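Take a look at the structure set out below.
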Amino acid sequence: MKLTVAVVTLIATLLAACGDDESNDAAAAPVSIADALEAEGEVLVTGYLFVLDGATVVLAELVAESFPPQPGGVTITVKGLDVDALDLEEAPGGSELATTKWSAESITLTGSLVSGVLNGAELG
């Protein structure tokens, strides 16, 4: 009888530990911008980065087909990201469009999402 209780306790402990690992794996998986906006707190989110007018930084779900490209779909405002360290596309020098920069490929950022703003953003 003691052996059966010990085996059941061991199995329950192992299953609980597996559940924790799965939730940690899920938290580490990047989510869409729409999904990130449904959950406040630490997130890993994927999208296209835009720097508008040299100051406003947003992560967008889509890239609008224009020149320069504009953020499309759902967006999140990004705060605290060192955009100067990123390799971003921009309009040709001397153009009045040169105030817009964007990522040609989607990127993944991590940070704390509060009221639609990704604070303390870093590359994920």
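Any value given below was found using the heavy atoms of this structure, including those in side chains, with hydrogens, waters and symmetry copies removed. In this chain, residues are counted from 1 in sequence order. Note that this is a predicted model, so its numbers are computed, not measured.
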Practice item. Indicate yes or no: at least one non-hydrogen side-chain atom of Tyr48 is less than 4.5 angstrom from one of Pro71. Key: no
Exercise answer: donor-acceptor pairs, residues 72-88 side-chain atoms, under 3.5 Å, sequence neighbours excluded:
residue	atom	partner	partner atom	Å
Asp82	OD1	Asp84	N	3.3

Side-chain donor-acceptor contacts of residues 49-60 below 3.5 Å, not counting sequence neighbours, with atom names and distances?
none

**Study point:** From CH2 (Trp102) to CD (Gln70), nearest 0.5 Å
**Key:** 9.0 Å
Using residues 108-121 as the side-chain source, report each donor-acceptor pair under 3.5 Å to any protein atom, sequence neighbours left out, with the distance given to one decimal.
residue	atom	partner	partner atom	Å
Thr108	OG1	Thr46	OG1	3.0
Thr110	OG1	Val43	O	3.2
Asn119	ND2	Val117	O	3.4

Donor-acceptor contacts under 3.5 Å from residues 30-37 side chains, at least two apart:
residue	atom	partner	partner atom	Å
Ser32	OG	Asp35	N	3.1
Ser32	OG	Asp35	OD2	3.3

